[in-house]
Amino acid sequence: MDSETRERERKAERQIFIANQDFFDAGQPTGFFKGSGRSLLDIWRHRELLSRLVKREIKARYKDSSLGIVWSLFRPLVQLLIYYFAIGQILGAARSVPDFAVFVFIGLTMWTLYSEIISGSTTSILANAGLVKKVYLPREIFPLSSVGSALVNFGIQSIVLIGGIAVLSTFLWTADLLLAPAAVLTLLIFGTAVGLLLSALNVYLRDVQHFVEIYLIVFFWMSPIVYPFTFIQNQLQGNWMEQIYLANPVTIAIVAAQKALWAGGSTGTGAMAQAWPDNLEIRLLIAFLCSVLLLWISQRVFSRLQGNFAQEL
């Protein structure tokens with residue numbers, strides 16, 4: 001018996017063996033109200049791969065640059081200088097906003113975390129199309145890797161922010177300081193939920209990524225980053241439009257971080273006195289709970305849509 005005949009017989013034996021095997025479920029359940037636990041377990045099993053993807057994203061972003069990750073500081077610092085001089089000095093906002101530089105940098109740091117999560121997550125599946133089409137793995141790890149990369153940059157910017165507050169202002173050692181980690185956690189969960197949903201939709205409708213660019217521009221100016229909430233309250237006087245404005249979890253998270261870290265906003269008097277939303281702590285708690293619910297919904301929608309990712313890519 002020659003080698004070709006033996007090889008054909010081995011192939012035939014393998015085919016018979018495979019044909020006799022029982023079917024089993026692969027991947028994640030597609031039912032809307034079940035499967036979240038298995039999805040989380042699947043992501044946890046691939047945590048090492050997730051870590052590698054985060055490192056890959058960070059390295060790719062600063063590849064061949066001499067300063068590396070230090071570049072993550074330059075954009076918010078340049079934005080800070082532009083807004084400080086253009087809006088603070090030229091338009092005069094700094095005359096009615098105490099510690100204007102600290103105020104703006106708090107908002108920019110929070111917004112940068114959110115915008116990097118959204119923009120990175122939206123295109124994460126397309127950017128990893130080769131892996132999606134070749135092997136099985138929980139596809140959620142791709143948008144989650146963008147979240148991890150954004151968190152690394154946020155950590156570096158937070159160090160600069162804390163140093164800037166220590167030099168240019170001061171910390172108020174009150175219970176309000178606890179609003180800062182609560183605000184970051186709320187913003188992180190909400191951004192992850194939105195990013196997860198957009199990453200799946202962008203596979204089927206590529207216009208989503210262009211919509212996200214416009215969305216981030218519009219909502220930057222709709223958030224109290226370069227102007228304090230006092231300006232909104234003075235214009236809307238607590239009416240229904242102000243309540244809609246405050247229903248945005250991003251807005252609540254930014255305002256809560258400002259109340260925690262912006263000492264000038266809490267101690268200013270007279271023309272420098274700043275207003276805060278009523279029941280800010282309760283609003284932040286509601287935003288947190290709604291963000292958690294949205295994260296669950298987004299994951300279940302993602303799970304339903306991921307079945308055809310390979311074909312769409």
Determine whether the side chains of [X] and [Y] contain a donor N or O and an acceptor N or O closer than 3.5 Å.
{"X": "E140", "Y": "Q299", "result": "yes"}
{"X": "S169", "Y": "D99", "result": "yes"}
{"X": "Q209", "Y": "T123", "result": "no"}
{"X": "S146", "Y": "E116", "result": "no"}

> Below 6.0 angstrom between ring centroids: does that apply to F219 and W221?
Replying inline: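 No.
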
Should the ring pair [X] and [Y] be called parallel, tilted or perpendicular, given that the plane angle runs from 0 to 90° and is split at 30 and 60?
{"X": "W276", "Y": "W262", "answer": "perpendicular"}
{"X": "F231", "Y": "Y227", "answer": "parallel"}
{"X": "F211", "Y": "Y215", "answer": "parallel"}

Just so I know, are the side chains of [X] and [Y] near enough to count as touching, which here means a heavy-atom distance under 4.5 Å?
{"X": "L246", "Y": "F229", "answer": "yes"}
{"X": "S199", "Y": "T122", "answer": "no"}
{"X": "F288", "Y": "F190", "answer": "no"}
{"X": "R47", "Y": "R52", "answer": "no"}
{"X": "L261", "Y": "L177", "answer": "yes"}
{"X": "F171", "Y": "I162", "answer": "yes"}

> Should L284 and L178 be counted in the same cluster of Ile, Leu, Val, Met, Phe, Trp and Tyr side chains packed under 4.5 Å apart?
Replying inline: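 They do not share one cluster, since no chain of ILVMFWY contacts under 4.5 Å joins L284 to L178.
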
> To the nearest 0.5 Å, what is the distance between CD1 (I125) and CZ (F302)?
Replying inline: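 The CZ atom of F302 is 4.0 Å from CD1 of I125, to the nearest 0.5 Å.
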
> For the atom pair CD1 (I244) and CD (E242), what is the distance rounded to the nearest 0.5 Å?
Replying inline: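 Here the rounded value is 11.0 Å.
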
>> Test side-chain hydrogen bond (donor to acceptor under 3.5 Å, both in side chains) on E57 and S145; report intermediate values, then the result.
In response: CA-CA 8 Å; E57 284 208 14; S145 67; 3.0 Å; yes

>> Could you walk me through whether V203 and L305 satisfy the side chain to side chain contact (heavy atoms under 4.5 Å, CB included) test, starting with their C-alpha distance in whole Å, then the side-chain angles of each, then the deciding distance to 0.1 Å, before giving a yes or no?
In response: CA-CA 9 Å; V203 174; L305 295 178; over 6 Å; no

> Can you list the residues that meet the ring pair (Phe, Tyr, Trp, His ring centres under 6.0 Å) rule with W240, with sequence neighbours excluded?
Replying inline: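 Scan of W240 (ring pair (Phe, Tyr, Trp, His ring centres under 6.0 Å), adjacent residues dropped) gives none.
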
